[in-house]
Amino acid sequence: MKGQRTERIARTVSNFFMTPSRSLSITELADKFSVSKTVVSEDMEVVASAFATDGFGTVQVERGRIGGARFLPECTSEYRRSLLEEIAEKLSDPDRYLPGGLIYYNDLIFDPVTALPLGLSMASLFVDAKPDIIVTTEVKGIPVALFTAYALGCPLSVCRFRNRPSDGAAMAVHYPSASGEVRTMYMGTKQIQKGSRVLILDDFMRGGSTAAGMQLMARHFEGEIVGTGLFITADKPKKKAVSGYKTLLRLTESEGGAKISVACDD
């Protein structure tokens, strides 16, 4: 049944957000709305303009007889900085600083209202990496990584520090911590396919041993590591166990306390 344009646009936006980074068939939308493909394409232009104005994504149109369009979570640096500055301000509250140079942020990353835009922001840094799967660790790495996976249209796999029977057969890797202690992480053998493009994500990095452990896990599955992303990275120690990573926020410690600042502008 042919609907009003406002209804078509609203339903198109809904479809984009239900399946980000995945192609929607313009032909199928035209049939669903009982209009021509030209009309649907014009609607797409309106949606694309709105996304571009708000700065949190773009619409990529594929021309041709079997054309399609996809919503890509390419946040502008202005959108990302505005979001991260607001979060950094909240995390700068001295009451959040914990012994050992840690910081409390569970209330933020486990709130979908915050975790979703953080996921979009993280995803925008790795759109060109085109990952097949995202790998993170339990427990605090999951929220931002899950919304990043949602934005990039790929599944999430979680490394665990204790093997569970419900995970089935698992791969185990041993990796050294910053203190020299040897730790173990596990991942079900069905979770990563050989040759997959793997994006490593985590919530916090100090020395980078956990991220290095996940990279080791990906290599054991013969995966191709296409990037490493962090929510917060501590300045100290300067030398990390991984390189070439991208981080949204940076934790700087000093004699006067600690400071959270926006780290990623690209």
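Any value given below was found using the heavy atoms of this structure, including those in side chains, with hydrogens, waters and symmetry copies removed. Computed from a prediction, not measured in an experiment: that's the story for all the values here. Along the sequence shown, the residues carry numbers beginning at 1.
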Looking only at heavy atoms, which two atoms of [X] and [Y] are closest? And how far apart?
{"X": "Ala123", "Y": "Pro73", "answer": "CB-CG, 3.9 Å"}
{"X": "Cys154", "Y": "Asp132", "answer": "CB-O, 3.5 Å"}
{"X": "Ala170", "Y": "Tyr186", "answer": "CB-CB, 4.4 Å"}
{"X": "Met217", "Y": "Val173", "answer": "CE-CG2, 3.7 Å"}
{"X": "Phe126", "Y": "Pro131", "answer": "O-CD, 3.9 Å"}
{"X": "Ile133", "Y": "Ser196", "answer": "CG2-CB, 4.3 Å"}

[X] side chain to [Y] main-chain N or O, any donor-acceptor pair under 3.5 Å?
{"X": "Arg197", "Y": "Lys130", "value": "yes"}
{"X": "Arg162", "Y": "Arg160", "value": "no"}
{"X": "Glu138", "Y": "Phe161", "value": "yes"}
{"X": "Lys240", "Y": "Arg206", "value": "yes"}
{"X": "Ser82", "Y": "Glu78", "value": "no"}
{"X": "Thr19", "Y": "Asn15", "value": "yes"}
{"X": "Ser14", "Y": "Ala10", "value": "no"}
{"X": "Ser49", "Y": "Glu45", "value": "no"}

In terms of hydrophobic clustering (I, L, V, M, F, W, Y; side-chain heavy atoms under 4.5 Å; direct or indirect links), are [X] and [Y] co-clustered?
{"X": "Val61", "Y": "Leu24", "value": "yes"}
{"X": "Leu230", "Y": "Leu118", "value": "no"}
{"X": "Val158", "Y": "Val198", "value": "no"}
{"X": "Leu152", "Y": "Val135", "value": "no"}
{"X": "Leu120", "Y": "Met18", "value": "no"}

Just do the side chain to side chain contact (heavy atoms under 4.5 Å, CB included) check on Arg8 and Val39 with the steps written out, would you? CA-CA 10 Å; Arg8 293 199 311 270; Val39 170; 3.2 Å; yes

Over 12 foreign heavy atoms within 6.0 Å of [atom1], [X]:
{"X": "Glu85", "atom1": "CD", "result": "yes"}
{"X": "Glu28", "atom1": "CD", "result": "no"}
{"X": "Arg219", "atom1": "CZ", "result": "yes"}

Got a second to check how far [X]'s [atom1] is from [Y]'s [atom2], nearest 0.5 Å?
{"X": "Gln60", "Y": "Ser21", "atom1": "CD", "atom2": "OG", "value": "9.5 Å"}
{"X": "Thr247", "Y": "Ile232", "atom1": "OG1", "atom2": "CD1", "value": "7.5 Å"}
{"X": "Asp202", "Y": "Lys140", "atom1": "CG", "atom2": "NZ", "value": "9.5 Å"}
{"X": "Thr114", "Y": "Asp107", "atom1": "OG1", "atom2": "CG", "value": "8.0 Å"}
{"X": "Thr233", "Y": "Met205", "atom1": "OG1", "atom2": "CE", "value": "4.0 Å"}
{"X": "Ser157", "Y": "Phe221", "atom1": "OG", "atom2": "CZ", "value": "7.0 Å"}

From CA spacing to verdict: side chain to side chain contact (heavy atoms under 4.5 Å, CB included), Leu125, Leu248: CA-CA 10 Å; Leu125 303 179; Leu248 296 179; 3.8 Å; yes

Is any side-chain N of the basic residue among Asp43 and Arg11 closer than 4.0 Å to the acidic one's carboxylate O?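 Answer for the salt bridge query: no.
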
Using a 4.5 Å cut-off on heavy atoms from C-beta on, say whether the side chain of [Y] contacts that of [X].
{"X": "Phe71", "Y": "Val47", "value": "no"}
{"X": "Pro112", "Y": "Phe147", "value": "yes"}
{"X": "Thr210", "Y": "Phe204", "value": "no"}
{"X": "Arg5", "Y": "Glu42", "value": "yes"}
{"X": "Asp54", "Y": "Tyr79", "value": "no"}

Give the intermediate values and the outcome of side chain to side chain contact (heavy atoms under 4.5 Å, CB included) for residues Val40 and Met44. CA-CA 6 Å; Val40 172; Met44 295 284 187; 4.1 Å; yes

For side chain to side chain contact (heavy atoms under 4.5 Å, CB included), just list the numbers for Tyr105 and Ile87, CA-CA rounded to whole Å, side-chain angles, deciding distance to a tenth of an Å, and then say yes or no. CA-CA 10 Å; Tyr105 48 82; Ile87 293 174; over 6 Å; no

What about Phe51 and Phe17, are their ring centers closer than 6.0 Å?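 Yes: the rings meet the under 6.0 Å criterion.
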
